[in-house]
Amino acid sequence: MNVRVRYGPSPTGEPHVGNIRTALFDWLLARRFGGQFIVRIEDTDQSRAVEGAEQLILDALTWLGLDWDEGPDVGGPYAPYRQSERLPMYVEAARRLIDEGKAYRCVCSPERLDALRKSQQKAKQPPGYDRRCRGLNCSPDEPHVVRLAMPLEGDTIVNDYLRGDVSFQNALLDDHVLLKRDGFPTYHLASVVDDHHMQITHVIRGEEWLSSAPRHIQTYAALGWQEPAWVHIPIIRGPDKGKLSKRHGATSIRQYAEEGYLPEALLNFLALLGWSKDETTTIMSCAEITEAFDLDGLGLSSAMFDIERLREMNARYIRDLEPSDFLRRGRPHLETRIGRTIADDDLDRLLLIAPAIQERVKLLPEFADYTDFFFTDGPLDYDNAELMGRAYRNKPWAALESVEASLKTLRSIDEADWTTPALEAALRDLAGQRGEKPGALFTPIRVAATGKRIAPPLFETLETLGRPVTVERLNAAAERLARPDD
RNA sequence: GGCCCCAUCGUCUAGAGGCCUAGGACGCCAGCCUUUCAAGCUGGUAGCACGGGUUCGAAUCCCGUUGGGGCCA
């Protein structure tokens, strides 16, 4: 199967999950069948253009691992890949259509169009241009738009790849604008002209375009071109059930990156929104998805974006990371927390405890919560209530006694024996001797060592922290208990 | 309002006439494990929107209703 697909973002802002999923399906189809994935910037609406947006779009694709074969930055055989740089092609197409009587200039003023719309509204008639200029051969010297002369009767059949034939009555479609007053094309013209010239085989786009597909099909017909395969994929819905949009829950890709989602997790999640491999598989690498991807696996009903599911999938991906890889991905968040950079060697101290942390972290920034105390020099920030825990609640003297016992035990362990198994054996033994539950003994140690009630497993933590720091922090805790809060 | 699309657990989905006593995943609930928090393990909860057909047989095909969504305004 020959496949050439394009992703046509408008540089009006950052891409969000809704439109990046379209890019993903484009990319998957291209990679699966050895075709080309093309990025084409659709910047014909000058008023909505946002400075720098194009780069943000490319960055988002790169972050997700979606590489492109042709595009505005890398060029390609059908360059340029920005619509604003392809204006002559649209003008030429429009001119040809006018010459052949398939399109016409329309000099109707915006005011007239406005009045027309209002009167139609009042008369409860279907809105649309009344074709007043059709057949009038308006002068090219006056300000004008170019409209397509749509068929007046009959039906236009959209052969949608997923839905089959969808038929629209031509009588209900008006003569839409191809070229605007400023000489820029509308989406309707530009996408058709470009898709044809760029030899696009499959137009994959959101279902919201299905109702304008007949216009595109008529444009292809008027130009005498062969139409591509139409693949209208279901819309992604937000929590309010409506189309996911910037106003309603659509988060930019960059934001997901900042919140600590892994690109591979987001990719897996997005692929499963509307597509499935089989009855049981949910966790798939990008390579596995690519290998299994097929348009026939796409569903027809719109899916809701369930952030909770994404979170869990992300947690799963984090757990499955190689520990050293995990540390490197978490590092920036830790550095932000402690306000300084961490060298590789220093980071690798955490290798021992990394797997335990991976089990706990759902979003990358949480990495800092489980590791910042390893890199803190001064006194830890916690209060005595935390230190005493449930077992010693309101009993500072008992807590002090416990901490001192732990200290004594820990001091008895040599630097050379300062390992997780030895620490665990010694402290469990101590709990047994004292006849108390392990939890009662361990809680003050944990808080003293980490400054937190919720922390990674204790013994690995102490080993990683090292003997001197552990002893120092327990000493500090003992002092605090001896000197009650003011 | 007109046109169009869609319809399986709360969510994502499997299912293309008998393999369905409707499967999986996330969530949720319970239990186990347990040094906090997690993870893990075991079990459980929950769905074919409704009504008509077609058929020996329908989640699966057809029609209608209802509901949701999209586009145009």
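Residue numbers begin at 1 in each chain, while the letters A, B, ... track the order of the sequences.
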Where each residue is assigned the nucleotide of RNA chain B containing its nearest heavy atom, which of A:Ala356 and A:Gly299 is assigned the position nearer the 5′ end?
->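 The residue closer to the strand's 5' end, by nearest nucleotide, is A:Gly299.
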Using heavy atoms to find the nearest nucleotide of RNA chain B for A:Arg21 and A:Leu458 separately, return the residue whose nucleotide is more 5′.
->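 Result of the comparison: A:Arg21.
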Tell me yes or no: between the side chains of [X] and [Y], is some donor less than 3.5 Å from an acceptor?
X: A:Thr156; Y: A:Gln218; value: yes
X: A:Arg215; Y: A:His176; value: yes
X: A:Gln433; Y: A:Asp429; value: yes
X: A:His144; Y: A:Arg181; value: no

Presence of [X] side-chain N/O under 4.0 Å of [N] phosphate oxygens OP1/OP2:
X: A:Lys277; N: B:U13; answer: no
X: A:Ser211; N: B:C3; answer: no
X: A:Arg319; N: B:G40; answer: yes
X: A:Arg428; N: B:U35; answer: yes

Any idea which of [options] is nearest the [X] side chain?
X: A:Ala303; options: B:C71, B:U13, B:C5; value: B:U13
X: A:Arg163; options: B:C6, B:U13, B:G68; value: B:C6
X: A:Pro438; options: B:C3, B:U35, B:C5; value: B:U35
X: A:Phe442; options: B:U35, B:A25, B:G70; value: B:U35
X: A:Glu359; options: B:G70, B:A25, B:A38; value: B:A38
X: A:Arg309; options: B:C26, B:C37, B:C5; value: B:C26
X: A:Met304; options: B:U36, B:G69, B:U11; value: B:U11

Identity of whatever pairs with [N] - Watson-Crick or G-U, under 3.5 angstrom:
N: B:C56; value: B:G18
N: B:A73; value: none
N: B:C26; value: B:G10

Sort me out a list of protein N/O and nucleotides 27-29 of chain B N/O pairs below 3.5 Å, or just none if empty.
residue: B:G27; atom: OP1; partner: A:Glu312; partner atom: OE1; Å: 3.1

Closest approach of A:Trp27 and A:Gly65, non-hydrogen atoms and distance?
->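 It is CZ2-O, 3.7 Å.
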Reckon [X] touches a base, only the sugar-phosphate, or nothing at all at heavy-atom distances under 4.0 Å?
X: A:Pro456; answer: base
X: A:Ser212; answer: nothing
X: A:Thr443; answer: nothing
X: A:Phe168; answer: sugar-phosphate
X: A:Leu273; answer: sugar-phosphate

Name every donor-acceptor pair, under 3.5 Å, that has one atom in a side chain of residues 291-299 of chain A and the other anywhere in the protein, sequence neighbours excluded.
residue: A:Asp294; atom: OD1; partner: A:Asp296; partner atom: N; Å: 3.2
residue: A:Asp296; atom: OD1; partner: A:Tyr161; partner atom: OH; Å: 3.3

Can you tell me how far P of B:A16 sits from CG of A:Asp294, to the nearest Å?
-> 16 Å
Per the atom types in the model, does the base of B:U35 pair as donor or acceptor with the side chain of A:Arg446 at under 3.5 Å?
-> yes
Span that lies between the C1' atom of B:A59 and that of B:A22, in whole angstrom |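 Per the computed distance, 8 Å lies between those C1' atoms.
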With sequence neighbours left out, write down each residue that passes salt bridge (Lys or Arg N to Asp or Glu O under 4.0 Å) with A:Arg309, or none if nothing qualifies.
->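 Scan of A:Arg309 (salt bridge (Lys or Arg N to Asp or Glu O under 4.0 Å), adjacent residues dropped) gives none.
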Using the benzene-type ring in the case of Trp, are the ring centres of A:His216 and A:Tyr187 under 6.0 Å apart?
-> yes
